[in-house]
Amino acid sequence: MLSVVAPIALGVLVLAMLLSLARLFRGPSLPDRILALDTLFVNTIGLLLVLGIVLGTSVYFEAVLLIAMMGFVSTCALAKYLLRGDIME
Amino acid sequence: MMHLPVVMVALPLLTAIGCLLWGARAVRPRQSLVTERAVSQASLLVLVVISIRLIVETAAGHVFVYRLANWPTPYSIALVVDRLSATMVALTAVLALFVQVAAAGDEDGRGRFFHPLLHLQVMGLCGAFMTGDLFNLFVFFEILLIASYALLMFGGGAVRTRAALHYVVLNLVGSALFLVAIGMLYGTLGTLNMADMAVRAAQVGPTDRPLMRAAAGLLLLVFGLKAAIVPMNLWLPPTYHAASTPVSALFAIMTKVGVYGIIRVFIPIFGPDQGEVTGIADPWILGLGLATLVVGTLGALAATELKQLVTFLIVNSVGTQLTAVGQFTEQGLAASVYYIIHSTFLTAGLFLVSGAVCHQRGEIGGRLSSGPAMHEGRALGYLFLVAAMSAVGLPPLSGFVSKALILSATPPALQGAVWPVVLATSFLLLVQLSRVGSVLFWNLAGDVPPPGSKPGPHASRGPALGLLSASVLLAVFGGPVDTFCRDTAAAVYDREAMIQRVLGDDAPTPKTRDDMPVPPHGYVRRPQPEVPVP
Amino acid sequence: MEEIVISVFLLFGAVFVLLGSLGLVKLPDIYARLHGPTKATTLGVGSLLVASATYQSTAGPGLSVHEVLVLVFLFLTAPISAYLIARAALHLRLPGRGVDLPADEE
Amino acid sequence: MTRWVPHPWLSLVVGIAWLLVNDSIDPGHLILAVFFGVTIPRWTQRFWPDAPSIRRPGRILRLFVVFAYDIVVANFVVAKLVLGPNDRLRPAFLEIGLDLDDPFAIAVLASMITLTPGTLSAQVREGDGMLIVHALDTDDPEAEIATIKRRYERPLKEIFEC
Amino acid sequence: MALALIVLLPLSLFWLPLVGRRFGRHGAAATAGAITLAALAALGVAARAGLTGPVQIVRLDWMPRLGLSLSLRLDGLSFLFCALVLGIGALVVLYARYYLAEDDRRDRFFAFLLLFMGAMLGLVTAENLLALVVLWELTSVSSFLLVAFKHRQPEARRGARRALSVTGLGGLALLGGVLLLGQIVGDYTLTTVLASRDVIVAHPRYPYALALVLLGVFTKSAQVPFHFWLPGAMAAPTPASAYLHSATMVKAGIFLLVRLWPALSGTDLWLWSVGGLGLTTMVFGAVVALFQHDVKGLLAYSTISHLGLIATLFGLNTEMAVVAGLFHIINHACFKASLFMAAGVIDHGTGTRDMRRLGGLARSMRSTAILTTVAAAAMAGLPPLNGFLSKEMFFKEAVEVGASAAQPWLVPAVATLGGAFSVAYSIRLVWDVFYRPATGALDHDALHLPPVGMQAPIALLVAVCIAVGVAPGLVVEPLLLDVARSVLRAQTPEVHLNLWHGFNLPLLMSGIAVAGGVLLARSRHGLSEVGRGLPDLPAGADAFNATLGAMFRFARWFSVTLNRHELVGYVVPVVLSVLVVGTLPFYASSWSGLSGPLPVSPAPAALIAFVALLGLGAVATLRFHRRRILALITLSLSGLGSTLVFVELSAPDLALTQLSVEVATTVLMLLALNFLPAESPREVTLPRVVRDASLALLFGLAMAGGMYAVLTRPFTTIADFYVATSKSHGGGTNIVNVILVDYRGFDTMGEVTVLGVAALAVAAMLHDTRIPRPRASGEGRAWSPDRHPFLLRIMSRPLLPLLLLVAMYILLRGHNLPGGGFIAGLVVGVALILQFLAGGLDFAASRLRFSFVAAIAIGLLVALLTGLAAILFRTPFLTSTFGHVHLGPLEFELASAMAFDLGVFITVVAVLLTILTRLGRVGVEPTERSDA
Amino acid sequence: MEVLLSLGVGAVAACGIYLVLRERTFSVVLGLALLSYATNLFLFSVGRVTVGAPPIANPDAGAVAYADPLPQALVLTAIVIGFAMTAFVVVLALVARQRLGSDEVDAMPPRKEPPG
Ligand code: NA
Ligand code: NA
């Protein structure tokens, strides 16, 4: 069962990524694009979790953890740039 | 004794760390400078002593194979120190010592971290000259490059910044290509140790030949970029011109890294008797060498400023080295080793002299037109005379000896191409350098030095004298030096002996990925306490 | 049994992640779009994490609960990201369909 | 005690998190959990100088249950809205006057609002203590505000400010 | 020993005059004189053994494997030249002692003179051809210094440079020639070379060798068309001219001609090149000399002419001619040196050397007039002087050799013509200076009469001219025979020097020459129209200048005009080179090498998506690169794609690293972007865009092709060793990490060093860089007043401990599972960056009260010391060890590599903090002024 | 898989080179970043590509069961070095803009300044 569901889930997540990507390219505003990138990071987290199940391994867990963290930080930095220009004043 | 090679890398790093920690204690940046100078100088002296020891040992026929982390080669990174490596390392140490003394006048206080950066640069150079591993060579290239970026920017200023921007971007592209080249070689040969590469390169089949040629070409390009070989020579003059005087003197050895890389790759790996990859780039190297020689000379003729002239002399010297290496004979290599030693000291000395001249001429600086008298015009004039004679190849200095060595090494079949170029470029340099010396030291607009100019930096005269005295010493002791260079070249060409030494008696034969389930017996290192004795 | 649990969470999670992205594409303005990813995606990933934890616990050598950490982390950060993006959108005075923007500056 | 464990709750969380992330309660990991539980909060205290103390920890669990329920509901609500036509949406910016004073409590509130049905914290105006919330689809802003205050703000006030 | 002393005394003590000035006003001259006399004495001692026996040789190996040894020989020829160099040298020193009495730089003059003398002595005694070249060049250099002695005068500088250029050119050619000779013979020893004529002459490369050697000879001896440097060199102080440009240096070329005569001569090539060019030079020099106005100029051209005469003699391939040539060398040295010194006396006395202003000096400078007249007569070849004898011999040889030519009259006629001009300019010299009525341009009462010290050397030389002329058999014949024997050995002819040979053809020719000379001298004003054009003939100087000028112009065009020092100018050649080296090998194999034997494998769907993300991100970056913030977002996209490709292709560590680095890079770029324009302007030129696009496309194709070629080939690798030993011998299951900290820990050591240096470099660059923050965004929008958005500021605080915990987790497990010091360091770094973002630089930095630079140093130190610790256990640097540690109930595995990883961790954190805080501190509050 | 990766790497490299040839420092920095992605992937791939076989040693599996760990280690080093270089060049671009008054890569120094 899992061998059927997991690839389907994978496909669904890839579709989600494509949608996020579409928003990223379409914009129109920079906050839109930052949001799209942020969503893409989260999509990726899901994708890796499923991939771990598909490939039967847990070595992607750290990647998941780090994507969550790094995606968040880069979103913060980008948004703060829009607000203040200097992100570390 | 056994650990000497790694000390040449570890000590500069340790010194840099020490200087940084000491400097961090100081409230004001200049406060710690006195201590840093002393530590830095002492450390360089130790390096010089060690490197001389390395030369002595290797000259006696010993080859250091230092297997880092105590794994067998080719799986570990090995430092391989033969005569050539020892020579280059010693050259680096001595040069750095002179540069340090020259900079310790006041240049080192015009920015931050001069001494740490100097030592890190030395570390990169020494590592690059000693490593027997291609990827490790890349790493040390990066160390010496990033240190050179920082040193290039040392002292600040817009001109320097512009030059640095170009230099850095170009070298980043070069580093990317280096990785690609390493990738292609690893992807074909499956190893990174250069001796092992030589073993495996000899075994590649004809279908892999194009790939190997492309990889070799890329490596040539990467080394050529470092060495400023035509057509990638253009960056060097503005870059070196922009650097502060001691830094540009230190850079005299940077181009040699590229030439050294060519020697280490194109003789053992793609050299003679290597099956499909035999002499893969030979004609290119000689041709490019000659072209570089011509282009460097033309640049020297076109120079309108003293330091700029010296930068073109470096291009010229790169061309000369490559012309000698590119003959792919032991004698040619021997000549090029001699020339490398000669030109490193010479160009560094010339930079120091030029720096002092530019400084003492006041506003006009190094412009090649009639200018004021200098505080130390006479001393500088004599130094310049010696340097110029050596650069042109006038006897009785090392420049002459090296040119004679190169010309006499040229096999008859190549003489028609090599001799006219070498002789004609020497002649043009003679014309230009006599003009330059005459303008700077004889065509004086007044008897007194310009107001406001200072006689200093005093510290640079001693090092300049020291560096240029190498031109005399190398000539006076030309016999032993020549013999050493010939033995050095012979060792580089003795591929079998090198492979034996690096890979040991049980040099592993390539294993396919499918038939290696357990480590072969010979590879197990622990619990053997004994260190592989080189 | 575990397989069914895993499959359900897997599908549920994937669909909600997709819904989040769909909202991102479909909704009319930036303020509306922010809702999709911050909510649906968070829950979706949460479900996937549960699926993963279950899977790794059954397939792997021992209990796998470290996924909880990711979940906690996502729950902590998703509102911050959304807040910052909304803040930026308000600062840029990006129009929201059918709403008047509150005064931007304090 | 406070010298070594300035934030007992945080220490607890860190220690548990260590065991969680390692999937292990080995003696070794227990020791490490204690070690990090002490050292990390101690070192990070400087970045969180005014950390609130939890007055009524018992209320946390109740709030958590409410919150978890709301999250699941929120997702179905948003799913419906996403799948429905855009012109049926009735968005609005709500301005909520805050009764909370502790910044951390306010932050927790704002986060919870974002994660729950149809609302999203867009700005905290520290000057006048207003929280600006974007509601995706609301017909009665006042009711919405009241719900938020009731379901989240009050419990938080109890937890953090007694 | 004495032989070595001859050379070594002046060569090694040349600097003594610089010190000698301490011993009084004329200490320098005295020192120089003493050294010269000592060398002369040494020559006497060395020659005592006689010059008739086998040559004396001392030998000192210098560079044996090159074939360069410092060996000296003393035979008749070298004795003759030593005697000339030292004898005339001594006289010149004496003369210069007075001539330069007022010059305060005379100590340097004498030093240079000694240097030259030593080089010259070495040259003429050299037994090794390479050593000869060494000393040959040294004479050029010392001559350069002497000519430029009065370097304030432009003509002195120009003359010196030109002399050096031309003789240097010859020297380089000579080096080539000598190397060729050495390679032909197999030895650079003169004795061997001289005995190998048959081998040399028969060798196919003989013409090249000869050409190169002769180029050296002709330039040094100022033969047409290389003569032009000599008149320019007359800017030298007169003693130097007398010494170098009449007696010695210019004779070095001639010397070499004789030296190698036994080895190279006897061929038609030799006859035509040496004889032909010599004869041309002789006539040319004589003709031009007549029309010179400067006394020294006249003497210079006369020297050229006489050198041509001597060269002609050596070119004739007969033994008797060689004897005549040697004889004329001696004679010319005597009369020409005395004439130069006389010219110096005149110059010294009147302040001018222009013959148009001089005149009537016979009365006021009687003794000089007489001496000059006699010497000039010798130069003109009048009996009973030495010049007459050698000229007669020359005429005789001209007749004999010419007889075998198609036009038997041609050579004698040309010789006679040269002789006639010789007579004419001699007459002109004496007449114009001394005997014609005074021009009035000079104040004869203000003349500065020469001291005896300046007269004596002239008188001595003139006396020699007379003595040789009157009693040649007594004075010069034994020496000449010794010299001739040293060159000709068994072929030495019978020679009897007599003033009177009876009436014969040479005497007739002499008569014609004298008559013609008188005629020419009388009618020279009529000829002056012709003459005026002569020095302007498109002669060597102009051709030389033009060639060099063109060379310099070409060099400027090539190096300056072609290179505009732009970045693309550096990068494009690299790209082009990549295209060449990357495609040529495949092209040469008809593209068959592009695809290896392995089949391609199908791509999983996820990989397709990830590669698409990577590629789309790159393309989007390209598309949006002018909108910078957007480009950063798309760059992250590409980085994310790259991360995911690593994930999919089994490289978790890489994925983690790439991801963390990605974020750090984004933050870094955002920090920088604040101070850069928000947008790049559109680049207008379509051709450039097209060019760059094609280059980029081809580059991408080349890279794809190369990669494809690699991936489709079977492959053997050393990597399985790591797989097999990582756990058992390296103590870790994460093979990549074990490679990084153990097998290839040295790379990692280098890598963190690079990081450290980068941070130092950034700190150094930004140390004093302060840039006012822009008041508004690129679009002119004012910044939000919300400096630290609330939710981020508050919620980042509980996040920090959580993130640090994650970092510790990653650090500790790295050896066995994905992670390690580097990634952990990045996590901590990013966690702290978050604090900077949330609370601001001051908030966060004030809580990190340690020197980041020192922390870098400490991190590196930890890594380094871990490596060095291995040395204490007598194992190589970085050797790691691992084992199970039992502590009460605990049992865990520890590897020393973990300490190394800790060093990496500390370094990475410190580097990130250094770089980002330095960058963060760049911005300062804008002032009114900075807005303007 | 091989074709896909080759084309992907080629595309990224092409974009990188195009950007490196632009006139503004920021574009060049972007180009260098892309170029380093491409080269890192290239170097990574030469160990041949495998799905689902991360090189975490499991004593039960044979050697073939893992992706080649060596290029991974090399690329890791390369990424780190690339980061150091990127950091340097970004700051250099900033300093250049400040000192040269323009962010053009070929901007000329504002006034005559003696070198050396
Ligand atoms: Na989020
Ligand atoms: Na990156």
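Owing to the predicted nature of the structure, the values given are computational and were not obtained by experimental measurement. Order of the sequence lines sets the chain letters (A, B, ...), proteins ahead of strands, with each chain counted from 1. Computed over heavy atoms, backbone and side chain alike; hydrogens, waters and symmetry mates excluded.
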Worksheet item: Between E/A761, E/S851, E/G750, which shows the greatest number of heavy-atom pairs under 4.5 Å with chain B?
Response: E/G750

Item to complete: Check for a donor-acceptor pair, side chain of E/Y722 on one end and backbone N or O of B/Y75 on the other, with a separation under 3.5 Å.
Response: yes

Practice prompt. Taking the six-membered ring for Trp and the single ring otherwise, decide whether the centroids of B/W442 and E/F144 are under 6.0 Å apart.
Written response: yes

Worksheet item: Based on non-hydrogen pairs under 4.5 Å, which of B/W235, B/F138, B/W284 is most in contact with chain E?
Response: B/W235

Worksheet item: Is there side-chain contact between B/Y66 and E/P876, with heavy atoms separated by less than 4.5 Å?
Response: yes

Response to the item:
Most heavy-atom pairs under 4.5 Å with chain B, out of E/L175, E/V571, E/L169, belong to E/L169

Worksheet item: Among B/G187, B/A409, B/A24, B/G18, which has the most heavy-atom pairs under 4.5 Å with chain E?
Response: B/G187

Item to complete: Could you check which of B/F154, B/W419, B/F312 has the highest count of heavy-atom pairs closer than 4.5 Å to chain E?
Response: B/W419

Worksheet item: Relative to chain B, which of E/L868, E/L145, E/L180 shows the most heavy atom pairs under 4.5 Å?
Response: E/L180

Worksheet entry | E/R162 CZ to B/S434 OG distance, which is reported to the nearest 0.5 Å | 11.5 Å

Discussion item. Between E/F746 and B/F140, does the ring pair (Phe, Tyr, Trp, His ring centres under 6.0 Å) criterion hold? Intermediate values first, please.
Written reply: CA-CA 10 Å; E/F746 205 49; B/F140 278 107; 5.4 Å; yes

Discussion item. Is E/S577 in contact with chain B via its backbone, its side chain, both, or neither, using a 4.5 Å heavy-atom distance?
Written reply: both

Discussion item. Show me the pairs that pass side chain to side chain donor-acceptor pair (under 3.5 Å) and involve residues 564-575 of chain E, at least two apart or across chains.
Written reply: E/N563-E/H565, E/H565-E/Y570

Discussion item. If you count heavy-atom pairs within less than 4.5 Å of chain B, which of E/M707, E/M703, E/E137, E/R158 leads?
Written reply: E/E137

Worksheet item: Based on non-hydrogen pairs under 4.5 Å, which of B/V169, B/T188, B/V173 is most in contact with chain E?
Response: B/V169

Worksheet entry | E/R744 vs B/L68 side-chain heavy atoms within contact, under 4.5 Å | no

Practice prompt. If the plane angle is over 60° it's perpendicular, under 30° parallel, otherwise tilted; pick one for B/W71 and E/Y743.
Written response: tilted

Worksheet, complete the sentence: Most contact-rich option vs chain E, by heavy-atom pairs under 4.5 angstrom, among B/L444, B/V392, B/D208, is B/D208

Practice prompt. Without swapping roles, check the side chain of B/E142 against the backbone of E/V754 for a donor-acceptor pair under 3.5 Å.
Written response: no

Discussion item. Taking every non-hydrogen pair under 4.5 Å, which of E/T753, E/L138, E/I871 racks up the most with chain B?
Written reply: E/I871

Worksheet item: Given the options B/L177, B/V139, B/T483, B/N443, which has more heavy-atom pairs under 4.5 Å with chain E than any of the others?
Response: B/N443

Worksheet item: Would you say B/Y186's side chain and E/T717's backbone share a donor-acceptor pair under 3.5 angstrom?
Response: no

Worksheet item: Once you round to the nearest 0.5 Å, how far does CD1 of E/I856 lie from CD1 of B/I17?
Response: 11.0 Å

Discussion item. Under the rule for ring-ring contact (aromatic ring centres under 6.0 Å, His included), what residues qualify as partners of E/W557, not counting sequence neighbours?
Written reply: E/F554

Discussion item. Using a 4.5 angstrom heavy-atom cutoff, name the option from E/L760, E/L594, E/L878, E/L68 with the most pairs to chain B.
Written reply: E/L760

Item to complete: Check for a donor-acceptor pair, side chain of E/R713 on one end and backbone N or O of B/T207 on the other, with a separation under 3.5 Å.
Response: yes

